[in-house]
Structures are given as C-alpha cells and as structure tokens.
Amino acid sequence: MSKENWWQRPDLGYRNGRLYFAEEDLESLGRSMGTPAFVYSLPRTLDKLEDLHDALDAAQVPHTVFYALKANRHPGLLNTLRSSNLCGVDACSPNELRLARQSGFQEREITYTGTSVGNADLDLLARMPGVQLNGDSLSSLKRLGDRAPGRSLGLRVNPQLSASHMAHISYAGETATKFGIYLDQLSDAIAIAEQYRLKIETLHFHAASGYLNDELPLLAALLARADAFLQRLPQVKNLDIGGGLGVPLRAGDDPLDLNAWAQLLADFVVPRGLHLQLEPGDYLVKDAGLLLVEVNTVEEKGGTLFVGVDAGFNLSNLHAYYQYPYIVAPLLESETPRRQVTIAGNINEGIDTLAEGIELPLPREGDLLAIMNLGGYSASSASNHCMRGDYQEILVAGNR
C-alpha cells in the first residue's frame, strides 16, 4: 500500500486498479447509478457496533448503546439496526423521535437528548413516558415538571472540558456553550426535581468529538469532572457519556484502541455500580460511507489548480464549517503524475471547497472520484442551496 493510500483496509481499497468498497466496484456503481451518490456499507456499521459491545463486554462493563439518529437517518440503515437488536436510538428532535418509533424502536429503546427544547418537544415527550429524556436546562426541567410530574429522567450536564480530536469543535470547555447544566446550577436542578418529584436516574454528558487514542486522557479527566455531579446525585443509576468516538482522518492517525477505551470506562463505572450508556452515531457510520462525484472542470486559476465536481458543501458541510480533512481518491488508479489540487464544489459560495491543497493523479473532466468518511453528518444535514440538493443514497450489503 502506498503512503498516499494509507486509508485502504480490507473492505475499502484498489483491486486490479479499481476502487472497491464492501465488494462493490465503485466505478461501475457510479456509472450505472449516476452522481452525486452517497454509498453506505451496512457490514462496516454492524461490525463497528459489534466491536463496541465486544470491548465493553470484555471489560465487564454493563452497558446499552443508543445510535445517534442525527448522524444518518437512512431508512434501510435504521431498519438494519433495529433488526440487529444491538442498539436503541438517541433522538434530538420531535421528528427524530417519531421516526425512531416508526422504524420499530420502542419507547424504552429511545433516549431524547435535545437543546433549547421547546414546549412542543415536551408535550410530545409527556405522551411518551417510556422515552428517557436527558434534561438540558433548568427551564426545560421546570416545564417538563409541569407536564409530567413524577417522571424519571436524565440530567445533561456540562463538565466544562472537551475531549475532541479537532480543537475548534467543542460541546464543553472553558468558553461557555449552550449545552447542559453547569455544576453551579446543580443545586437549582435538584430543587426543581424535588419540587416536581422528578427522578434523576441518569447523568449525561456529551463533551467529545472524534476523539482517538491521544484524547483518552481527556476522557478520563471528563469522567473525573462527572464525579463531582455524581457525588451529589447518589440515586443515579446510569452514566451516559454521549458519543464522540473518532475515526482516522489523516495519515498517521491510528484507530481508537477500543480495549483501552473500554478499560478506562470500566475503571470508573464498575466500582461505582453504574450502568454505562453511550450514543455513538458518527463513529458507526462515518467511515461506512462515501460520496461519489463526477469531475466537470479542471482549470488553473491564480496559481491554484481547481478540480470542480458535481456536488458542493450543501451535501456535506463538514469541511466548510469545521475544516474536516476530506479524503479524496480516484475510482480508477492512474499513472498520471500527481498534482496539488483544490476540489471545488458547484455552489456559488466562497466557502464551497471540499478539499484544499491535496495531491492526486491529475483528474480529467468526466472522471469519478470518491470522497470518504461521509457516512455521518452529510446527507442527514444536506440542503437544497442553489437548488442543487439532488443526490442518491445507496446501501451496500457486501459479504457478512
């Protein structure tokens, strides 16, 4: 494997000069189905879900997994996850909650972790008492108490620390964020719960994004911060650590060591007699999906060689918003000399680039490319900006 193709793995790589993903010849798939097209590997998602369970079981951690629906809500994916009996669902809006129920998940298999929760959300949740709501604010606790006194719920807290592989993506840290109840608000939250007989049974935090092995010490520090909340909530049975597990994005990134991760969690939750909950979304689907695009323009402007394609940041905004490093690869290997190029989208906005200053064998107009690690937070957050919102989603069953 060349250093340029560091991302190859058994289910993703070149065979006889053609790029295969989950046993699919992507060049043939793209030519027959058209572009832009997201391609998702069901085996990859299920394998990763099973790997999470295996690591936690080996560390003897009692646990429940809730798939974060906002990452990818393709019906075929949801049906597969439901049939697997390996996870529940975490929803963050009324429509996600309804979709989870429509997909066959029972109330007890659903958590609801929202922010700036409106009364319409709470009215729906009051009608679904089996759903575990993770309250995000003092205001939402009061309004829930008015609607459903005596209900069991989780408390979403803000530990004011982040474990993120990319420093500028933070749900919690020194800078105030909108998420969760802060430690100095905990007395007020407990008082509201007592006023309305709300039973706080779960402590929840989501303070990580894409963490890998180097960030595991930060996860340990997050758990220590959570302990300050737990000491004042002795009735809590469940610790929900949200999501945030990462996948390699750049050459040199190692995959997350799940055994080390699970042992770190075991060292915290087992002595405290806690049941672990987690809400992986992006981790399960990110590297189980890619986007096929067609090159329509190859042209040098101002000293930069632009490669224009038939998709834009409206279909995947992670690079534009968060500077995520997209991996781009031709579907057919080429002996053409490598050039430094910028992949440009087809949206009339200055931020619409999909990769900048990357090296590729010089593409030709009409070639197909794969943009990888787009199984999560891409189609699920796509827009019709410039009325270029058309795309396909293709599930690949592979061999499993």
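Please read these numbers as outputs of a predicted model, since none were measured by experiment.
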Task: Worked verdict on Glu23 versus Arg15 for salt bridge (charged side-chain N to carboxylate O under 4.0 Å, His left out) - done: CA-CA 10 Å; Glu23 305 302 324; Arg15 302 180 192 172; 3.3 Å; yes

- [ ] Begin from the C-alpha positions of Val328 and Leu360 and carry the test side-chain contact (heavy atoms from CB on, under 4.5 Å) through to its verdict.
- [x] CA-CA 8 Å; Val328 183; Leu360 285 178; 3.9 Å; yes

TODO: Please test Asp282 against Tyr377 for side chain to side chain donor-acceptor pair (under 3.5 Å), starting from the C-alpha separation and ending with a verdict.
DONE: CA-CA 7 Å; Asp282 201 36; Tyr377 298 109; over 6 Å; no

- [ ] Could you go through the side-chain contact (heavy atoms from CB on, under 4.5 Å) check for Arg9 and Arg44 one step at a time?
- [x] CA-CA 11 Å; Arg9 57 182 197 246; Arg44 179 70 175 176; 3.4 Å; yes

Task: CA sep, side-chain torsions, deciding dist, call: Arg18, Glu333, salt bridge (charged side-chain N to carboxylate O under 4.0 Å, His left out) - done: CA-CA 6 Å; Arg18 303 173 75 87; Glu333 284 191 297; over 6 Å; no

- [ ] Dump the intermediate steps for side-chain contact (heavy atoms from CB on, under 4.5 Å) on Lys70 and Asp90, then the final yes or no.
- [x] CA-CA 8 Å; Lys70 65 177 181 175; Asp90 178 63; over 6 Å; no

TODO: Please report the C-alpha distance between Leu141 and Leu155 in whole Å, then the side-chain angles of each, then the deciding distance to 0.1 Å, and finally whether the side-chain contact (heavy atoms from CB on, under 4.5 Å) criterion is met.
DONE: CA-CA 9 Å; Leu141 289 178; Leu155 197 66; 3.7 Å; yes

Task: Audit row: Ser83, Thr80, side chain to side chain donor-acceptor pair (under 3.5 Å) steps and yes/no - done: CA-CA 5 Å; Ser83 299; Thr80 299; over 6 Å; no

TODO: Let me see the working for Arg98 and Asn95 under side chain to side chain donor-acceptor pair (under 3.5 Å), right down to the final yes or no.
DONE: CA-CA 5 Å; Arg98 293 186 182 99; Asn95 282 338; 3.0 Å; yes

- [ ] Start with the C-alpha distance between Asp227 and Arg272, add both sets of side-chain angles, then the distance that settles salt bridge (charged side-chain N to carboxylate O under 4.0 Å, His left out), and finish with yes or no.
- [x] CA-CA 10 Å; Asp227 200 40; Arg272 292 167 175 80; 3.1 Å; yes

TODO: Please step through side chain to side chain donor-acceptor pair (under 3.5 Å) for the pair Asn314 and Arg388, ending with a clear verdict.
DONE: CA-CA 8 Å; Asn314 63 316; Arg388 289 191 181 275; over 6 Å; no

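Side-chain heavy atoms closer than 4.5 Å link hydrophobic residues (I, L, V, M, F, W, Y) into clusters, and following such links, even through other members, never connects Val309 to Leu332. In terms of hydrophobic clustering, with Ile, Leu, Val, Met, Phe, Trp and Tyr side chains grouped at heavy-atom distances under 4.5 Å, Phe66 and Leu97 are assigned to different clusters. Taken together through direct or relayed side-chain contacts under 4.5 Å among Ile, Leu, Val, Met, Phe, Trp and Tyr, Leu362 and Phe306 form parts of separate hydrophobic clusters. Grouping the Ile, Leu, Val, Met, Phe, Trp and Tyr side chains by contacts below 4.5 angstrom, directly or via other members, places Leu354 with Leu305.
For Asp184, the CG atom counts as densely surrounded, since its 6.0 Å shell holds more than 12 non-hydrogen atoms of other residues, nucleotides or ligands. The environment of CD in Glu300 is crowded: more than 12 heavy-atom neighbours from other residues, nucleotides or ligands sit within 6.0 Å. Asn384 CG: more than 12 foreign heavy atoms inside a 6.0 Å radius. Remark: Lys237 NZ is loosely packed, at most 12 non-hydrogen atoms of other residues, nucleotides or ligands lying under 6.0 Å away. Residue Arg108 places its CZ atom among 12 or fewer non-hydrogen atoms of other residues, nucleotides or ligands, all under 6.0 Å distant. No more than 12 heavy atoms of other residues, nucleotides or ligands sit less than 6.0 Å from atom CZ of Arg364.
Two residues are said to be in side-chain contact when any heavy atoms from C-beta on lie closer than 4.5 Å; Leu239 and His275 fail this criterion. Residues Glu201 and Val236 are not in side-chain contact: their nearest non-hydrogen atoms beyond the backbone lie 4.5 Å or more apart. Between Glu107 and Met128 there is a side-chain heavy-atom pair separated by less than 4.5 Å. Considering only heavy atoms from C-beta on, Leu86 comes within 4.5 Å of His53 through its side chain. For the pair Tyr112/Gln132, no side-chain contact is recorded, criterion being any heavy-atom separation below 4.5 Å from C-beta on. A heavy-atom distance below 4.5 Å is not found between the side chains of Gln195 and Pro149. Using a 4.5 Å cut-off on side-chain heavy atoms (C-beta onward), Leu69 and Leu78 make contact. Side-chain contact between Leu292 and Leu368: absent, with no pair of heavy atoms (C-beta onward) separated by less than 4.5 Å.
The CG atom of Leu49 sits 6.5 Å away from the CG atom of Leu81 when rounded to the nearest 0.5 Å. The distance from the CD atom of Glu294 to the OG1 atom of Thr35 is 5.0 Å, given to the nearest 0.5 Å. The structure places CG of Leu144 at 10.5 Å from CG of Asn119, a figure rounded to the nearest 0.5 Å. How far CE of Met33 is from CG of Leu26: 12.5 Å, rounded to the nearest 0.5 Å. Taken from CZ in Phe268 to CG in Leu276, the straight-line distance is 10.5 Å, to the nearest 0.5 Å. For the atom pair Leu284 CG and Leu245 CG, the distance stands at 8.5 Å (nearest 0.5 Å).
Residues Arg31 and Asp367 approach most closely at NH2-CA, 4.1 Å, considering heavy atoms. Closest approach of Ala71 and Ser380 over heavy atoms only: O-OG, 3.0 Å. Minimum interatomic distance between Val89 and Ala100 (heavy atoms only, all atoms of both residues): CG1-CB, 3.8 Å. Nearest heavy atoms, Ala397 versus Pro43: O-CG, 2.8 Å. The two residues Pro159 and Phe229 make their nearest non-hydrogen contact at CA-CE1, 4.4 Å. Of all non-hydrogen atoms in Leu216 and Ala260, the two that sit nearest each other are CD1-CB, 4.2 Å.
A donor-acceptor pair shorter than 3.5 Å cannot be found between the side chains of Gln263 and Asn259. For the 3.5 Å distance criterion, the side chains of Ser93 and Glu96 fail to qualify, holding no donor opposite an acceptor. For the 3.5 Å distance criterion, the side chains of His204 and Gln277 fail to qualify, holding no donor opposite an acceptor.
The aromatic rings of His319 and Tyr326 lie tilted to each other, with the angle between the two planes from 30° to 60°. Aromatic ring orientation, Tyr40 versus His74: perpendicular (interplanar angle above 60°, classes split at 30° and 60°).
Panel note: side chain Gln231, backbone Ala228; no donor-acceptor pair is recorded below 3.5 Å. Using a distance-only test at 3.5 Å, with no hydrogens or angles considered, no donor-acceptor pair links the side chain of Thr353 to the main chain of Glu356.
Note on Asp287 versus Lys48: salt bridge recorded, some NZ/NE/NH1/NH2 to OD/OE distance being below 4.0 Å. With salt bridges taken as basic N to acidic carboxylate O contacts below 4.0 Å, none links Lys178 and Asp136.
For an aromatic pair to be called close, the ring centres must be under 6.0 Å apart, and Tyr20 with Tyr14 fails this.
The cationic atom of Arg156 (NZ for Lys, CZ for Arg) does not lie both less than 6.0 Å from the six-membered ring centre of Phe179 and within 45° of the ring axis.
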